[in-house]
Amino acid sequence: MLSRLVLRAAPAALKSLPPPFPAGILYTKRALHASQQCLAPVPPLPEKGGEVRYGLIPEEFFQFLYPKTGVTGPYMLGTGLLLYFLSKEIYIVNHETVAAACILSVLIYGIKKYGSDVAAFADKLNEEKVATALAVKNDAIKDLETAIEQEKKEQWRVEGRSYLFDAKRNNIAMLLEANYRERLLTVYNEVKKRLDYQVAMQLLKRQKEQDHMIQWVEKNVVQSITPQQQKDSIAKCILDLKALSKSAQMTV
Amino acid sequence: MLMDVKLGQLTSWLAMRDFTPGGIAGAVRRGYDRYYNKYINVRKGGLGGITMVLAGYVIVSYIWSYDHLKHDRHRKYH
C-alpha cells in the first residue's frame with residue numbers, strides 16, 4: 001500500500017529529488033520505484049515468502065491479535081469458532097469428514113517425511129537455472145571486456161601510424177632512387193654504344209687504308225720487276241745452288 | 001489500503017472505489033499480484049503458498065454446497 005502511494009506521488013516528487021543512487025547498488029529489500037530508471041537493475045527475489053503458521057494461517061493474523069490478546073488469542077478464537085460451527089452444525093460431521101481426516105493425515109505424514117528432500121531438489125533445479133543465467137551474463141561481460149582491451153590496443157596501435165608512414169616514405173624513396181639509377185645506367189650504356197661505334201668505324205677505316213696501301217705497294221713492286229731482272233736473279237740463284245751443293249758434297 | 005481505513009470511514013471509502021468492470025479487474029489483478037509476490041515469487045517458497053489457496057477453495061466449495069449438505073444434519077434444532 002505504501003509502495004502504491006509512492007508510485008502515485010513519484011512523478012511529482014521526481015522533479016524535486018536529487019539525482020538518485022547509481023544503478024550499481026544491490027538492493028537488499030524491495031526497493032521503491034523512486035529512481036528514474038526503474039527497470040535496471042532488477043531487484044533480486046526475496047529469500048523467503050511470507051510466514052505461514054500450520055500451512056494455513058498467515059503470521060500477520062497472529063501479529064494482528066497479539067497486542068490485544070497475547071499469544072493464545074488466535075488459538076482461543078480458533079477453538080471457539082470450531083466449537084460454534086460444530087454445535088450449530090454449520091460444519092456437518094458426516095462420511096466426508098472421515099474421508100477428509102484420512103486424506104489429511106496421509107498428506108501431512110508424506111509432507112513431514114519427504115518435504116525437505118523435495119525442497120532440496122527444487123532448490124537444486126533453481127540453482128542450476130540461476131547458474132546458467134549467471135554464466136551467460138559473466139561470459140558476456142568477459143567478452144565485452146576483451147573487446148574493450150582489444151579496442152584499447154587498436155587505439156595504441158594508431159599511435160604507430162607515424163612509423164608506418166616513415167617506412168612507406170623510405171620505401172618509395174628507395175624505389176625512386178633505384179629507378180633513377182637504372183635510367184642513368186641505360187643512358188650510360190647508350191652513350192657508350194654510340195662512342196664505341198664511332199671508334200670502331202675509325203679503326204675499320206684505318207685498317208682498310210693500311211691493307212689497301214700494302215696491296216698497292218706489293219702490286220707495284222711486282223709490276224716493277226722487269227724480265228731482265230728476272231733472268232739475272234734466276235742465274236744468280238742457280239750459281240748459289242751450285243755453290244751450296246758443292247759445300248754439301250764436301251761435308252758428306 | 002483497506003487496512004488503513006478507519007471503521008467509521010468504511011462506507012465513504014467503499015463509495016470512493018470504482019466498480020466499473022475495468023476497476024474490478026484491476027482490483028483482482030492487484031490482489032493476485034500481491035499474493036503472488038508475497039508467497040510464491042520467492043527464492044525458497046514454502047508450502048503455505050498453495051495450501052492457503054487450496055484451503056480457500058475447500059471452504060468456498062463447502063459454502064456453495066451447504067444447501068445440499070443441510071439435509072445431513074444430525075439434529076433438527078440447534
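Proteins get letters first, then strands, A, B, ... in listed order; numbering begins at 1 in each.
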State whether the number of non-hydrogen atoms from other residues, nucleotides or ligands found under 6.0 Å of H68(B) atom NE2 is greater than 12.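 At most 12 heavy atoms, drawn from other residues, nucleotides or ligands, come within 6.0 Å of this atom.
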Does atom OH of Y66(B) have more than 12 heavy-atom neighbours, drawn from other residues, nucleotides or ligands, at distances under 6.0 Å? yes
Does anything in residues 63-94 of chain A reach chain B? List residues with heavy atoms under 4.5 Å apart, or say none.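 Checking residues 63-94 of chain A against chain B gives S87(A), K88(A), E89(A), I90(A), Y91(A), I92(A), V93(A), N94(A).
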Of all the residues in residues 161-196 of chain A, which have a heavy atom that comes within less than 4.5 Å of a heavy atom in chain B?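 Within residues 161-196 of chain A, no residue comes under 4.5 Å from chain B.
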Would you say T51(B)'s side chain and L56(A)'s backbone share a donor-acceptor pair under 3.5 angstrom?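 Such a contact is absent between T51(B) side chain and L56(A) backbone.
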Going through the distances and angles, do N126(A) and R43(B) end up as a side-chain contact (heavy atoms from CB on, under 4.5 Å)? CA-CA 8 Å; N126(A) 248 5; R43(B) 285 251 176 97; over 6 Å; no
For Y39(B) and G50(A), work out which heavy atoms get closest and say how close. CE2-O, 3.4 Å
Would K44(B) and D123(A) satisfy side-chain contact (heavy atoms from CB on, under 4.5 Å), going step by step from the backbone distance to the final call? CA-CA 7 Å; K44(B) 291 170 66 68; D123(A) 282 342; 2.9 Å; yes
Cationic N near anionic O, under 4.0 Å, E60(A) to K38(B): yes
Would you mind checking which part of L47(B) comes under 4.5 Å of any heavy atom in chain A, side chain (CB onward), backbone (N, CA, C, O), both or neither? side chain
With a 4.5 angstrom heavy-atom cut-off, which part of Y62(B) approaches chain A: side chain, backbone, both or neither?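 Contact with chain A is through the side chain of Y62(B) alone.
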